[in-house]
Amino acid sequence: MRGHMTQEQWGELKQDLLRTVGQNNFKTWIEPLEFAELSEGVATFHVPTNFIGNYVSQNFGDLIMHQLSSIGEDVQRVHFKVPANTPARPSSRPTASAPSAAPAAAAKEELPGAPLDARFTFDSFVVGKPNELANAAARRVAEGGPVTFNPLFLYGGVGLGKTHLMHAIAWELQKQRPDLNVLYLSAEQFMYRFVQALRDRKMMDFKELFRSVDVLMVDDVQFIAGKDSTQEEFFHTFNALVDQNKQIIISADRAPGEIKDLEDRIRSRLQCGLVVDLHPTDYELRLGILQSKVDQYREQYPDLQLADGVLEFLAHRISTNVRVLEGALTRLFAFASLVGREITMELTQDCLSDVLRASERKISVEEIQRRVAEHYNIRLSDMIGPKRVRTLARPRQIAMYLCKQLTSRSLPEIGRRFGGRDHTTVMHGVKRIEELRAQDGQIAEDLELLRRTLEA
Ligand code: ADP
Ligand code: MG
């Protein structure tokens with residue numbers, strides 16, 4: 001039956017999926033899927049909105065693929081798309097259409113916001129050193145009290161929780177201050193709305209609408225860089241709201257000063273409020289996130305056994321971003337529940353070999369600093385700090401050397417992460433260690449040991 005899955009078979013598969021993902025997930029995410037076709041290894045499903053498509057693809061894509069393979073279909077990829085005859089307008093879904101949306105949202109049907117992900121709340125956000133400041137700032141804004149910093153600018157690398165925090169703010173505001181008009185959307189959707197308004201000659205409506213919100217959240221604002229008229233309109237919206245003392249919350253993948261092709265006046269306005277960054281995750285935070293995920297999964301898969309050490313292994317090995325970490329765990333649980341086995345280290349390595357391989361060489365600067373500090377028994381703060389005594393300077397140089405060897409960071413980037421040192425300092429350190437490595441057997445041995453533990 002290769003390549004010939006029938007609607008009937010899809011119906012049966014759906015029943016299996018129901019058992020695997022549980023009633024709630026099924027109703028929200030799987031039921032709306034319509035099997036369209038299977039050809040050349042690609043299974044295509046129609047979805048009512050792009051949002052659902054993206055969500056299903058990220059969270060259940062692998063599972064659906066496994067299921068299809070298990071009935072003998074040759075599937076390399078599953079694809080979710082909005083059928084051509086329904087215009088793809090995810091952003092036209094009002095906030096109220098979010099899964100299990102709060103009732104308060106119903107009154108704001110006209111606001112062109114993006115749907116909020118029901119899972120992205122403060123409750124489910126695990127706080128650790130790398131994100132505690134961002135979390136605290138987000139919580140403060142979510143109280144809906146008097147505006148103290150405007151805008152709140154959250155930035156950080158992909159998958160570190162920016163969108164999660166923004167949705168959490170929106171959910172919390174709906175609870176705390178149902179009287180406020182809260183609008184969350186991505187910068188891309190902002191542009192889309194803007195272009196649409198221009199095209200339909202509805203600029204007045206557009207302006208009025210955006211100026212009538214009490215809290216405006218724009219996600220991934222780096223997207224409008226280089227898009228001149230969108231930037232211009234954003235700037236005016238921004239100013240109008242700030243003048244009325246309305247709260248604005250912005251996220252981006254880098255600091256305002258580092259977004260290229262952004263007008264200076266916008267950049268400086270963005271820097272006016274509170275700028276906080278989400279740092280790359282550390283081992284403890286990753287482990288915490290995994291543990292909280294496992295607790296959630298327990299409800300879905302009550303019988304599943306998890307061997308000791310698996311979570312620690314994952315937290316150690318997958319250091320890229322939280323999304324990858326979560327995806328790995330989802331896949332692991334889905335797989336284990338399909339084959340009905342305990343999640344052992346072996347199963348983990350089998351099931352996630354591609355993810356593990358992909359993150360193999362991604363050793364972070366922070367990790368190197370931590371390991372080297374541990375090895376030489378100095379404090380991490382001294383590793384990064386200004387003191388120049390030999391007992392600190394040498395380990396610091398060793399860490400710099402390893403960063404140059406084991407990461408793809410440039411010398412200036414490395415310098416920045418070592419307490420804002422100049423790239424020439426890093427270059428000097430790296431050279432010095434290269435020399436010592438050739439002369440000093442102990443150093444050569446230390447380097448070898450450190451490299452091996454870091455790559456393990
Ligand atoms: P970003 O917008 O920064 O790219 P997201 O907010 O989309 O990242 O986060 C990616 C995924 O990781 C989401 O599923 C989110 O719930 C999860 N995540 C990120 N940070 C945390 C955290 N501290 N606690 C729990 N989940 C997190
Ligand atoms: Mg995001």
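As a basis for the values below, the full set of heavy atoms in this structure was taken, side chains included, without hydrogen atoms, waters or symmetry mates. Indexing begins at 1, ligand by ligand and atom by atom, following the structure's order.
For atom 11 (C) of ligand 1, the nearest non-hydrogen atom of the protein is Glu326 OE1, 3.7 Å. At the shortest separation from atom 25 (C) of ligand 1 among protein heavy atoms lies Ser124 O, 3.2 Å. Atom 15 (C) of ligand 1 has His164 ND1, 3.3 Å as its closest protein atom, hydrogens excluded (heavy atom only). In terms of protein heavy-atom proximity, atom 7 (O) of ligand 1 is closest to Arg323 NH2, 2.8 Å.
By the 3.5 Å distance cut-off applied to N or O atoms, Arg119 is not counted among the residues near ligand 1. Any N or O atom pair closer than 3.5 Å counts here, and Val126 shares at least one such pair with ligand 1. Taking distance alone, with nitrogen or oxygen atoms compared against 3.5 Å, Leu160 approaches ligand 1 more closely than that limit. Any N or O atom pair closer than 3.5 Å counts here, and Gly161 shares at least one such pair with ligand 1. Geometrically, ligand 1 and Gly159 share a nitrogen or oxygen pair separated by less than 3.5 Å.
The distance from atom OG of Ser229 to atom CE of Met191, rounded to the nearest 0.5 Å, is 8.5 Å.
Of the candidates Asp219, Leu154, Val322, Thr163, Val322 brings a heavy atom nearest to atom 19 (C) of ligand 1.
Applying the 4.0 Å criterion to heavy atoms of Val158 picks out, from ligand 1, the atoms 4 (O). Numbered from 1 in the order shown, with element, the atoms of ligand 1 that lie under 4.0 Å from a heavy atom of Ile289 read 21 (C), 22 (C), 23 (N), 24 (N). For ligand 1 and Phe120, the ligand atoms under 4.0 Å from any heavy atom of the residue are 13 (C), 14 (O), 15 (C), 16 (O).
Of all the heavy atoms of Asn131, the ones lying under 4.0 Å from any atom of ligand 1 belong exclusively to the side chain. Contact annotation for Ser251 and ligand 1: no heavy atom of the residue comes within less than 4.0 Å of the ligand.
Formation of a donor-acceptor pair under 3.5 Å by the Arg370 side chain with backbone atoms of Leu380 is not found in this model. Checking side-chain atoms of Asp214 against main-chain N and O of Val182 turns up no donor-acceptor pair under 3.5 Å.
Side chains of Ser186 and Gln189: a donor-acceptor N/O pair is present below 3.5 angstrom, by distance only. A donor and an acceptor atom, one from each side chain of Asp219 and Tyr184, are located under 3.5 Å apart.
At a cut-off of 2.8 Å, Met166 does not coordinate the Mg ion (ligand 2) through any N, O or S atom.
Not a single heavy atom of Gly156 sits under 4.0 Å from any atom of ligand 1.
Under 4.0 Å is where a charged nitrogen must lie from a carboxylate oxygen, and between Asp295 and Arg298 no such pair does. Of the charged side-chain nitrogens involved, at least one lies within less than 4.0 Å of a carboxylate oxygen, so that Lys129 and Glu132 count as a salt-bridged pair.
Judged by the 6.0 Å and 45° rule, Arg396 forms no cation-pi pair with Phe418. Within the cation-pi definition used here (under 6.0 Å to the ring centroid, within 45° of the axis), Lys227 qualifies as a partner of Phe223. Cation-pi geometry between Arg139 and Phe122 is satisfied (NZ or CZ under 6.0 Å from the ring centre, within 45° of the ring normal).
Under a cut-off of 6.0 angstrom, the local environment of CZ in Arg140 is sparse, with at most 12 non-hydrogen atoms contributed by other residues, nucleotides or ligands.
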